[in-house]
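Reviewing the structure listed below.
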Amino acid sequence: MRWSQIFIPTLRDEPADAEAISHKLMLRAGLVRQLAAGVYSKLPLGLRASRKVEAIVREEMERIGGQEFHLPVLHPGELWKESGRWSQIGEEMFRLKDRRQGDYCLGMTHEEVFTAIARDELRSYRQLPQIWFQIQTKFRDEARPKSGVLRGREFVMKDSYTFDVDFAGLDIGFDKHAEAYRRIFERCGIKALSVQAASGAMGGSESVEFMSVSDAGEDWTVICPGCDAAANLEKAVTVAPEVVDPDAEALEKFPTPGIRTIDALAHFAGGAPAERQIKTLVYVVDDEPTLFLLRGDHELNEVKLAEATGTTTFRAATPEECQSALGARPGSLGAVSVSNIPIYADDALKGRVEMVTGANDDDHHFRHVSVERDLQDLRWVSLRNAVEGDGCAACGKEVSIKKTIELGHIFKLGLRYSESMNLTVLNDQGKDVPVVMGSYGIGIERLVAAVIEAYHDDNGIVWPWSIAPFHVVITPISLKDEAAVEKTEAIYDGLVAAGLETLLDDRNERPGVKFKDADLIGIPLRLVIGPKGLERGMVELVERGTSEKVDVPYGEAVEQVRARADRLASAAPR
RNA sequence: CGGGGCGUGGCGCAGCCUGGCUAGCGCGCCUGCUUUGGGAGCAGGAAGUCGGAGGUUCGAAUCCUCUCGCCCCGACCA
């Protein structure tokens, strides 16, 4: 490909609207352009990179027996009403009406459609297992699109679905996907952690996320350096460093005028540091006031709250509701002697004595509180967010908490969709049984962006070989010397013939411009052909990643590039 | 949805508070000449409904009202 024949609108200035590095570079290198919030057009270079990722994904899906489909993006609302998600999902779904006022939506995921196909076509356990996948556009009306294509409202996803007659089959399909995903990310050059995750509204029993550590990420992942375990902060259960309490004394109420916060009480004479306080939070759970107790310096995790209570219908109580439930307003709330309200307590409070907590009497607190002595009917659960310094629940080693990009997510759905949508097959006993499903996704553009987050320097993108939109860029220093041009063309033809995706920078630009652009768009190998070298019969081969330069004889150029290419290509697994 | 910020030639910005000639600057773009190993120089040139609507005023990019869009923080996130 000649540079003059491919549209690569590079930008000198940093786009004002971009914050994330990958976002800036995707715009600057002419990979994408924004159409609306969270909606991006792929330009030729961006499309080439995406296609590389898609090809890897496709190969690995086929390796585990996946069969490629291509489903509609326009879905009848009826289908989503069957699964129940038409009403479950809120504003995140793009909905529309056809001319007859029928409900439709744009697919945000494809469980419903794949399940409908399976329901219509699968009759017998003998047809199972099936692994079905597609690479298709999804639409999600995100509340806050951000960071370029990292969180878009329209994006391409590889989604796949497994159909099995039993849960043992699901486990196999799930493990196959985990292995395929591991290979996909590795081939893309990404170190992806597999992370225990909350299933959310997706339903199902188990889910694993594939995370890439990056400041541009939006998820927090708790990582244990000892046993290699990792979990999403939403789910991670860790052990707080032990606190040594003094001997228990008798419960005592004391006045705390104007003290409303943990922090204020920590600085109040006669108060206590945050880790010696009990934080009492009141939520309305399924219309019932409910207490949640945490150590003063710990944060409530609402995903865990949902898990503990078994419902997603909850909200923080208003001050008025606190008043009517406990007799005091926020700032003076506590659980001492409370018995008519369900109380969930975070594990970190177990066995603690000499604590301070609200007295359910405005401007008063209790001190010398012994948790197990003074609080009744506690339901012990993990409620808090893990924090740095906590110990791994498995091996005890201190965990770290890192920002990560969610590249993939795999779910054991179980019977969630087969039951609601009536997908059954006959088993070997001739009995109708619901099909056991799994669902698995990888965001294509997000993966491209994550690669850029991981592979760039001050001058631009540094593509790994496997995803580079071109392998080699030829940079002629001058187009004036006809003999040099002829030699350049000969090398170009040779590289193309050798099967290398080669970009010939035939633009009549000054060398500096060409070098800058070549670095910016991140092509792994650059071949510089200029008068200086040609005088000596040499051309210069430069590696983008290492900046390593070698002079190679003109006559060996194609061969040498090929050798270098083979080395770069084999550095990543195939 | 709460909070903050920003919309001025293709890109990056100034001007706005304190209203006033033909709305500036850098980059890019076009033409010509010179140049050509890390974003060239000179000369000439094209290009802007100042996001939109309404209002105040003799006069609005500038003041007021409404509205649309985009970015960031948070909430949310199959």
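In what follows, chains are A, B, ... by sequence order, proteins preceding strands, each numbered from 1. Computed from a prediction, not measured in an experiment: that's the story for all the values here.
- Shown here, B:rG54 forms a base pair with B:rC64; the pair counts as Watson-Crick or G-U wobble because both key distances fall under 3.5 Å.
- One P atom belongs to B:rC76, the other to B:rG2, and the distance between them is 15 Å to the nearest Å.
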Report the C-alpha distance between A:Phe133 and A:His177 in whole Å, list the side-chain angles of each, state the deciding distance to 0.1 Å, and finish with yes or no for ring-ring contact (aromatic ring centres under 6.0 Å, His included).
-> CA-CA 11 Å; A:Phe133 80 98; A:His177 274 83; 9.0 Å; no

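- When both pairing distances are held under 3.5 Å, B:rU36 makes no Watson-Crick or G-U pair with any nucleotide shown.
- Nucleotides B:rA43 and B:rG59, compared at atom P, are 42 Å apart to the nearest Å.
- Taking atom C1' on both nucleotides, B:rG55 is separated from B:rA14 by 28 Å, rounded to a whole Å.
- Across A:His110, A:Met61, A:Gln67, a single residue satisfies side-chain contact (heavy atoms from CB on, under 4.5 Å) together with A:Trp132, and that is A:Gln67.
- In a base pair of the Watson-Crick type (N1 to N3 plus N6-O4 or O6-N4) or a G-U wobble (N1-O2 and O6-N3), with each distance short of 3.5 Å, B:rU31 is matched with B:rA43.
- Taking atom P in both B:rC13 and B:rG9, one finds a spacing of 12 Å when rounded to whole Å.
- A salt bridge links A:Glu489 and A:Arg2; the closest N-O separation between the charged side-chain nitrogens and carboxylate oxygens is under 4.0 Å.
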Contacts under 3.5 Å, N or O only, protein and nucleotides 70-72 of chain B:
unit_1, atom_1, unit_2, atom_2, d
B:rC70, OP1, A:Ala37, N, 2.8
B:rC70, O3', A:Gln34, NE2, 3.4
B:rC70, O2', A:Asp17, OD2, 2.9
B:rC71, OP1, A:Gln34, NE2, 2.8
B:rC71, O3', A:Asp17, O, 3.4
B:rC72, OP1, A:Ser147, N, 3.4

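- Counting only heavy atoms from C-beta on, A:Ile477 has its side chain closest to B:rU36 among B:rU36, B:rG38, B:rA78.
- Distance CG (A:Leu520) to P (B:rC11): 17 Å, rounded to an integer number of Å.
- Here A:Arg28 lies in heavy-atom contact (under 4.0 Å) with a base.
- For the C1' atoms, the distance linking B:rG32 with B:rA46 amounts to 15 Å, nearest Å.
- Among the atoms of the strands shown, none is found under 4.0 Å from any heavy atom of A:Arg33.
- Comparing the P positions of B:rC71 and B:rG12 gives a spacing of 13 Å, expressed to the nearest Å.
- A:Gly533 comes within contact range of at least one nucleobase, with a heavy-atom separation under 4.0 Å.
- A salt bridge links A:Glu82 with A:Arg119; the closest basic N to acidic carboxylate O contact falls under 4.0 Å.
- If you take CG of A:Asp517 and P of B:rG39, they are 12 Å apart, rounded to a whole angstrom.
- No more than 12 heavy atoms of other residues, nucleotides or ligands sit less than 6.0 Å from atom CD of A:Glu91.
- A:Glu302 comes within 4.0 angstrom of the backbone, heavy atoms only, and of no base.
- Distance from the side chain of A:Ala143 is smallest for B:rA75 among the nucleotides B:rA78, B:rU36, B:rA75.
- With ring centers used as reference points, A:His75 lies 6.0 Å or more from A:Phe139.
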Could you list the donor-acceptor pairs under 3.5 angstrom formed by side chains in residues 521-539 of chain A, with sequence neighbours left out?
unit_1, atom_1, unit_2, atom_2, d
A:Arg526, NH1, A:Asp519, OD1, 3.3
A:Arg536, NH2, A:Asp551, OD2, 3.1

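- For the pair A:Arg544 and A:Asp457, the salt-bridge criterion is met [side-chain N within less than 4.0 Å of a carboxylate O].
- Ion pairing between A:Arg315 and A:Glu321 holds under the 4.0 Å rule for side-chain N and carboxylate O.
- In this structure, A:Phe94 atom CZ and B:rA78 atom P are separated by 15 Å, rounded to whole Å.
- When each of A:Leu31, A:Leu503, A:Asp517 is tested with A:Ile8 by the rule side-chain contact (heavy atoms from CB on, under 4.5 Å), just one qualifies, namely A:Leu503.
- The pair A:Asp219-A:Lys403 does not meet the salt-bridge criterion, since no charged nitrogen lies less than 4.0 angstrom from a carboxylate oxygen.
- Under the Watson-Crick or G-U wobble criterion, with both distances below 3.5 Å, B:rA23 is left unpaired in every strand shown.
- Residue A:Glu299 contributes atom CD, which lies 12 Å from atom C1' of B:rG74 at whole-angstrom precision.
- Judged by atom type and distance alone, A:Arg507 does not reach the base of B:rG39 through any side-chain donor-acceptor pair under 3.5 Å.
- Put simply, CG on A:Asn459 is 11 Å from C1' on B:rG39, counting in whole angstrom units.
- Residues A:Glu209 and A:Lys235 are not paired through a salt bridge, judged by the lack of any N-O separation under 4.0 Å between the basic side chain and the carboxylate.
- Spacing between atom CD of A:Glu142 and atom C1' of B:rG74 amounts to 15 Å, rounded to whole angstrom units.
- For the C1' atoms, the distance linking B:rC17 with B:rC21 amounts to 22 Å, nearest Å.
- With the nearest nucleotide of RNA chain B identified for both A:Lys549 and A:Glu91, A:Glu91 has the one nearer the 5' end.
- Between A:Lys480 atom NZ and B:rC33 atom C1' the separation is 11 Å, expressed in whole Å.
- Taking atom C1' in both B:rC63 and B:rU22, the straight-line distance is 24 Å, to the nearest Å.
- B:rA78 atom P lies 10 Å from atom CD of A:Glu209, rounded to whole Å.
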Identify the pairs formed between an N or O of the protein and an N or O of nucleotides 27-29 of chain B at a distance under 3.5 Å, and give each distance.
unit_1, atom_1, unit_2, atom_2, d
B:rG28, OP1, A:Arg12, NH2, 3.4

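- A:Glu14 comes within 4.0 angstrom of the backbone, heavy atoms only, and of no base.
- B:rC6 and B:rG69 make up a base pair, with Watson-Crick or G-U wobble contacts both under 3.5 Å.
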